[in-house]
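Structure record follows, encoded as structure tokens.
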Amino acid sequence: MEFFCYHRDRPGSLALRDELLHDHWSYMDQYGKELIARGPTMTDDGEEPTGSVHIIDLPDAAAARAFVFDEPGYQAGVYQDVLLRRWRNILGRTMWDFPGGRTDGARFLVLGLGAGEAVDLELPRDTGELIAYGPLLSDDGTAWLGTAALVRAPDADSARAVLTVDQYATVEVHRWQFGGRS
């Protein structure tokens with residue numbers, strides 16, 4: 001089962017986040033084979049982290065909750081909240097398979113939250129700039145709750161355009177970068 005996890009940083013927690021970076025990476029190293037994508041969201045200027053995205057394939061929801069809540073930054077209070085949803089990997093690949101590489105161009109997390117009739121279940125026409133893409137689902141995988149995409153785009157507005165924006169209750173766009181050890 002695939003899961004989308006987004007830890008949002010607590011205001012004022014940057015020093016603690018930095019202090020725990022090695023512990024965070026060591027923790028994530030245990031899940032190297034299960035990770036589909038990972039990396040921090042960043043301020044608009046790309047200078048400071050604002051959260052952490054992890055897309056992971058785990059056996060069940062209990063394992064996903066353990067993954068999210070046992071993470072060292074979560075345990076130490078770095079994050080103000082966590083979004084954890086079932087997810088479906090429409091692209092069928094990991095971020096490391098993205099032909100655009102790790103650093104070329106600006107990257108964004110596009111998070112569309114909604115309820116009701118599902119939208120954007122099919123891939124957008126131009127998939128060349130998609131790093132990861134899929135629906136956010138209820139715990140049992142039957143109800144559509146939104147869409148999450150990692151995309152390379154020239155700017156936030158272009159990134160937002162991968163979703164049918166007017167079909168969501170809210171759409172968030174966050175600067176994002178490939179995570180993990182270089």
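- Put simply, the side chain of N89 gets close to the backbone of R93: a donor and an acceptor are under 3.5 Å apart.
- Side-chain atoms of D57 come within 3.5 Å of backbone atoms of M1 as a donor-acceptor pair (strictly under, hydrogens ignored).
- Separation of atoms CZ (R65) and CG (L58) is listed at 11.5 Å; rounding is to 0.5 Å.
- Cluster annotation: I36 and V82 are assigned to the same hydrophobic cluster (Ile/Leu/Val/Met/Phe/Trp/Tyr, side-chain heavy-atom contacts under 4.5 Å, transitive).
- Between the OH atom in Y74 and the SG atom in C5 there is a gap of 12.5 Å [rounded to 0.5 Å].
- In terms of heavy-atom proximity, D23 sits nearest to P72 at O-CG, 3.7 Å.
- Put simply, CZ on F4 and CG on L109 are 5.0 Å apart, with the number rounded to the nearest 0.5 Å.
- A distance of 9.0 Å separates CG of L20 from CG of D18, quoted to the nearest 0.5 Å.
- Of all the heavy atoms in R86 and D139, the pair that sits closest is NH1-O, 2.9 Å.
- L121 and Y168 end up in the same hydrophobic cluster when Ile, Leu, Val, Met, Phe, Trp and Tyr side chains are linked at under 4.5 Å.
- Scanning both residues, W144 and P135, for their nearest heavy atoms gives CD1-CB, 3.9 Å.
- For Y6 and H174, the ring centers are positioned less than 6.0 Å apart.
- When all heavy atoms of D9 and G51 are compared, the pair lying nearest together is OD1-CA, 3.3 Å.
- Atom CG of D140 is surrounded by more than 12 heavy atoms from other residues, nucleotides or ligands within 6.0 Å.
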Please report the C-alpha distance between Y133 and T147 in whole Å, then the side-chain angles of each, then the deciding distance to 0.1 Å, and finally whether the side-chain contact (heavy atoms from CB on, under 4.5 Å) criterion is met. CA-CA 8 Å; Y133 186 91; T147 306; 4.0 Å; yes

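- Of the N and O atoms on the side chains of D29 and S26, not one donor lies less than 3.5 Å from an acceptor on the other residue.
- Interatomic distance, CG of D70 versus OH of Y27, reported as 4.5 Å (0.5 Å rounding).
- Each of V53 and I90 belongs to its own hydrophobic cluster when Ile, Leu, Val, Met, Phe, Trp and Tyr are linked at side-chain heavy-atom distances under 4.5 angstrom.
- Residues W87 and A132 come closest through the heavy atom pair CH2-CB, 4.1 Å.
- Ring-plane geometry between F67 and H54 is classed as perpendicular, the angle between the planes exceeding 60 degrees on a 0 to 90 degree scale with a lower cut at 30.
- With a 6.0 Å radius and a threshold of 12 heavy atoms from other residues, nucleotides or ligands, E122 has its CD atom at or below the threshold.
- When atom types are taken as modelled, the side chain of Q177 and the backbone of T41 share no donor-acceptor pair closer than 3.5 angstrom.
- In this structure the side chain of D104 reaches within 4.5 angstrom of the side chain of R152, judged on heavy atoms.
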Give the intermediate values and the outcome of side-chain contact (heavy atoms from CB on, under 4.5 Å) for residues R17 and S52. CA-CA 11 Å; R17 178 191 246 275; S52 292; 2.9 Å; yes

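- Transitive grouping of hydrophobic side chains (ILVMFWY, heavy atoms separated by less than 4.5 Å) brings L123 and V151 into a common cluster.
- Contact of the T50 side chain with the P40 side chain is not registered, since no non-hydrogen atoms from C-beta on lie closer than 4.5 Å.
- Note: the hydrophobic cluster containing I55 also contains F69 (ILVMFWY, side chain heavy atoms under 4.5 Å, direct or indirect links).
- Distance check, rounded to the nearest 0.5 Å: CD of E129 to OG of S158 gives 10.0 Å.
- For R38 against H24, the heavy-atom pair with the smallest separation is NH2-NE2, 4.3 Å.
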Step-by-step side-chain contact (heavy atoms from CB on, under 4.5 Å) determination, L150 to R107: CA-CA 7 Å; L150 298 173; R107 315 309 172 91; over 6 Å; no

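- At most 12 non-hydrogen atoms from other residues, nucleotides or ligands lie less than 6.0 angstrom from CZ of R88.
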Check the pair L35, W96 against side-chain contact (heavy atoms from CB on, under 4.5 Å), reporting the backbone distance first and the verdict last. CA-CA 10 Å; L35 283 164; W96 297 276; 4.1 Å; yes

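- R160 places no side-chain N or O within 3.5 Å of a backbone atom of V165 that could act as its donor or acceptor partner.
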